[in-house]
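One structure below.
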Number of protein chains: 2
Amino acid sequence: MAAKSTRDEQDRGRPDAAADLDFWSFVALANRRLAEEYGFRHQLATEVLLTLNRASDLVTYDLEAAVHRPRGRSWSAFRLMFVVWLAGPLEPRNAARLTGMSRAAVSNLGKSLVADGLLDRTPDERDGRSVQLSLTGAGHAEMVSVFREHNEREFGWAGALTEAEQRILVLLLDKLITGHDGFDARGRR
Amino acid sequence: MAAKSTRDEQDRGRPDAAADLDFWSFVALANRRLAEEYGFRHQLATEVLLTLNRASDLVTYDLEAAVHRPRGRSWSAFRLMFVVWLAGPLEPRNAARLTGMSRAAVSNLGKSLVADGLLDRTPDERDGRSVQLSLTGAGHAEMVSVFREHNEREFGWAGALTEAEQRILVLLLDKLITGHDGFDARGRR
DNA sequence: ATCAACTGATTCATACGTTTACTATTTTCG
DNA sequence: CGAAAATAGTAAACGTATGAATCAGTTGAT
């Protein structure tokens with residue numbers, strides 16, 4: 001296992017014991033204390049979820065910082081434009097469902113993106129309550145351009161795994177999610 | 001593969017084509033269009049990262065909504081108290097590194113938690129600039145109690161996988177992260 | 001011993017997302 | 001047909017995270 005430091009025994013109680021803990025040695029320490037001192041039983045579950053969240057945060061933060069912020073866009077703006085690009089035109093309701101944002105977030109974000117000339121919001125003829133979101137020409141051009149860079153950097157991350165490993169990872173995550181299914185994008189039933 | 005709907009061919013361009021897309025069929029649709037219409041090459045990487053983020057968001061949202069919000073605590077507050085509990089006492093700097101938050105976030109959050117009587121912030125004798133975070137008695141009691149519920153619900157998620165599968169998942173995520181190593185908790189070098 | 005450079009924590013202004021409440025439209029069904 | 005319920009989108013209030021600036025203490029060179 002790559003970066004697991006070994007120094008997580010001894011020196012509990014030393015003044016700055018936490019100073020040289022890294023993520024992996026913290027997980028090991030947490031596992032040990034939760035089991036030995038408190039008797040919790042599902043340490044592997046804790047380790048799975050800690051690692052899952054850690055990986056997701058790290059990758060997201062990197063993509064946002066390296067690709068999107070320099071162009072003046074937020075991670076959420078990219079996500080919204082991504083689904084409008086590939087699944088659009090669509091209603092805010094469906095955009096929210098597919099991105100996992102709230103409807104209000106789509107509404108707010110959409111307002112900015114319309115102001116920036118990247119998104120069009122046209123009234124729905126069928127349903128007077130609703131609206132259709134679509135990319136403008138400029139929005140489409142920006143997505144094609146930004147996704148080129150985004151996709152290369154995604155590959156930089158996923159490329160640490162072989163293709164077979166990547167497929168297994170998707171399968172396992174799929175099983176994790178759908179084993180708990182019946183939720184929509186934001187955990188609502 | 002469990003919930004992959006098959007209706008992601010045909011009917012592009014139908015007025016509400018997105019209405020019955022779910023997450024998996026959206027991923028399939030995105031893969032197809034990115035490859036066929038735009039010629040992007042790393043679709044598997046896109047699928048891996050979309051699924052990773054999705055899984056992480058879903059699990060986090062569920063734990064926060066089911067376990068922590070009902071007790072009036074945020075997800076971030078739990079994360080901070082978790083590391084202080086198991087790796088503490090520690091300095092805000094190290095708490096930020098282990099949780100992946102910014103130092104400012106730790107400072108803000110810490111203020112609330114101290115006000116609520118869950119956290120102690122005592123000056124460091126060695127270094128007058130610094131401070132040591134530790135749990136109060138009430139904070140410790142709350143963590144033991146809340147983690148019992150948290151851990152059961154974690155198990156509810158991870159339990160969708162066999163133990164062997166869980167170990168493989170951790171290994172793969174580990175490899176994904178450390179294959180890109182040299183980052184600290186928030187992607188800083 | 002002193003000053004400059006560094007490091008740690010905090011505060012401030014800002015941005016973003018969520019929840020709740022509201023308005024408008026559509027649907028349902030008595 | 002018409003009133004009640006449901007649904008879509010938006011606005012307001014709130015909480016929380018972030019980066020920049022600030023304050024304070026430490027370190028090291030001279």
Side-chain angles (χ1 to χ4, degrees), chain A residues 15-16 18-19 57 60-61 64-65 68-70 72-80 84 89-97 99-116 119-133 184-188, chain B residues 15-16 18-19 57 60-62 64-65 68-70 72-81 84 89-97 99-116 119-133 184-188:
Chain A
D16 285 289
D57 287 352
T60 300
Y61 190 93
E64 175 163 27
H68 301 289
R69 285 294 175 197
R73 305 270 166 238
S74 69
W75 177 249
S76 297
F78 170 74
R79 277 200 334 216
L80 177 55
V84 174
L90 39 56
E91 303 162 350
R93 163 133 193 68
N94 289 321
R97 193 167 46 79
T99 56
M101 306 184 213
S102 65
R103 296 205 319 276
V106 171
S107 185
N108 282 331
L109 209 50
K111 194 160 46 178
S112 319
L113 293 173
V114 168
D116 290 353
L119 216 60
D120 268 337
R121 183 192 320 189
T122 61
D124 189 327
E125 299 128 7
R126 288 176 157 65
D127 187 334
R129 296 168 298 184
S130 193
V131 108
Q132 292 279 330
L133 299 177
D184 81 353
R186 311 195 43 251
R188 295 168 298 218
Chain B
D16 286 288
D57 287 353
T60 300
Y61 191 93
D62 173 67
E64 176 163 28
H68 301 290
R69 286 290 175 199
R73 306 269 167 239
S74 68
W75 176 248
S76 296
F78 170 74
R79 275 198 338 213
L80 177 55
M81 291 186 63
V84 174
L90 40 55
E91 305 162 348
R93 162 141 193 65
N94 288 320
R97 193 167 46 80
T99 56
M101 306 183 211
S102 66
R103 295 207 315 278
V106 170
S107 188
N108 282 331
L109 211 50
K111 193 160 49 179
S112 320
L113 293 173
V114 168
D116 290 354
L119 215 60
D120 268 337
R121 184 193 321 197
T122 61
D124 190 326
E125 299 129 6
R126 288 176 159 66
D127 187 335
R129 294 167 300 185
S130 194
V131 106
Q132 293 279 329
L133 300 177
D184 79 356
R186 309 192 46 251
R188 294 168 297 218

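Quick note: numbers below take in every heavy atom, side chains included, and nothing from hydrogens, waters or symmetry partners. In what follows, every chain begins at residue 1, and chains take the letters A, B, ... in the order their sequences are listed.
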Send over the distance from [X] [atom1] to [N] [atom2], rounded to a whole Å.
{"X": "B/Arg73", "N": "C/dT18", "atom1": "CZ", "atom2": "C1'", "answer": "19 Å"}
{"X": "A/Leu90", "N": "D/dA8", "atom1": "CG", "atom2": "P", "answer": "14 Å"}
{"X": "A/His68", "N": "C/dC16", "atom1": "NE2", "atom2": "C1'", "answer": "17 Å"}
{"X": "B/Leu80", "N": "C/dA9", "atom1": "CG", "atom2": "C1'", "answer": "14 Å"}
{"X": "A/Leu133", "N": "D/dG9", "atom1": "CG", "atom2": "C1'", "answer": "11 Å"}
{"X": "A/Asp116", "N": "C/dA15", "atom1": "CG", "atom2": "C1'", "answer": "14 Å"}
{"X": "A/Met101", "N": "D/dG9", "atom1": "CE", "atom2": "P", "answer": "14 Å"}
{"X": "A/Asp57", "N": "D/dT18", "atom1": "CG", "atom2": "C1'", "answer": "15 Å"}

Please name the pair of heavy atoms, one in [X] and one in [Y], separated by the smallest distance, quoted to 0.1 Å.
{"X": "A/Pro70", "Y": "A/Ala65", "answer": "CD-O, 3.2 Å"}
{"X": "A/Leu119", "Y": "A/Val84", "answer": "CD1-CG1, 4.1 Å"}
{"X": "A/Ala77", "Y": "A/Ser74", "answer": "N-OG, 3.0 Å"}

Report the C-alpha separation of A/Asp120 and A/Leu133 in whole Å, then their side-chain angles, then the decisive distance to 0.1 Å, and conclude whether the side chain to side chain contact (heavy atoms under 4.5 Å, CB included) test is met. CA-CA 6 Å; A/Asp120 268 337; A/Leu133 299 177; over 6 Å; no
Taking only nitrogen or oxygen atoms into account, show me every contact under 3.5 Å that the protein makes with nucleotides 13-16 of chain D, one pair per line with its distance.
none

Decide side chain to side chain contact (heavy atoms under 4.5 Å, CB included) for B/Val106 and B/Arg93; before the verdict, give the C-alpha distance in whole Å, the side-chain angles of both, and the deciding distance to 0.1 Å. CA-CA 8 Å; B/Val106 170; B/Arg93 162 141 193 65; over 6 Å; no
Look at B/Asp116 together with B/Arg73 and state whether they make a salt bridge at an N to O cut-off of under 4.0 Å.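 Judged by the 4.0 Å cut-off on N to carboxylate O distance, B/Asp116 and B/Arg73 do form a salt bridge.
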Could you walk me through whether B/Gln132 and B/Arg121 pass the side chain to side chain contact (heavy atoms under 4.5 Å, CB included) test, one step at a time? CA-CA 6 Å; B/Gln132 293 279 329; B/Arg121 184 193 321 197; over 6 Å; no
For a quick check, with a 4.0 angstrom heavy-atom cut-off, what is the B/S/- contact string for nucleotides 21-28 of chain C, read 5' to 3'? ---BBS--
Could you spell out the base pairing of DNA chain D as a dot-bracket line? Use Watson-Crick and G-U wobble contacts where both distances are under 3.5 Å, [ ] for crossing pairs, | for partners on a different strand. ||||||||||||||||||||||||||||||
Would you indicate which nucleotide in [options] comes nearest to any side-chain atom of [X]?
{"X": "A/Ala105", "options": "C/dA9, D/dG19, C/dT18", "result": "C/dT18"}
{"X": "B/Arg93", "options": "C/dG8, D/dA11, C/dT11", "result": "C/dG8"}
{"X": "B/Pro92", "options": "D/dT10, D/dG9, C/dT10", "result": "C/dT10"}

Straight-line distance of A/Asn108 CG to A/Ser102 OG, nearest 0.5 Å: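 Interatomic distance, A/Asn108 CG to A/Ser102 OG, rounded to 0.5 Å: 8.0 Å.
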Interatomic spacing from OG in B/Ser76 to CZ in B/Arg79 - rounded to 0.5 Å: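 Here the interatomic distance stands at 5.0 Å.
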Do B/Leu113 and B/Met81 pass the side chain to side chain contact (heavy atoms under 4.5 Å, CB included) test, and can you show the C-alpha distance, the side-chain angles, and the key distance before you say yes or no? CA-CA 9 Å; B/Leu113 293 173; B/Met81 291 186 63; 3.8 Å; yes
NA contact type, B/Ser130, heavy-atom cut-off 4.0 Å: base, sugar-phosphate, or nothing?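 Contact class for B/Ser130: sugar-phosphate only.
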What orientation do B/His68 and B/Trp75 show, parallel under 30°, tilted 30 to 60°, or perpendicular over 60°?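 It falls in the perpendicular class, over 60°.
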Has B/Ser107 got a side-chain atom pairing as donor or acceptor with B/Arg103's backbone, closer than 3.5 angstrom?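 It does not hold such a pair.
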May I ask you to verify if any side-chain N or O of [X] is less than 4.0 angstrom from the OP1 or OP2 atom of [N]?
{"X": "A/Arg79", "N": "C/dC16", "value": "no"}
{"X": "A/Lys111", "N": "D/dA11", "value": "yes"}
{"X": "B/Ser102", "N": "D/dA17", "value": "no"}

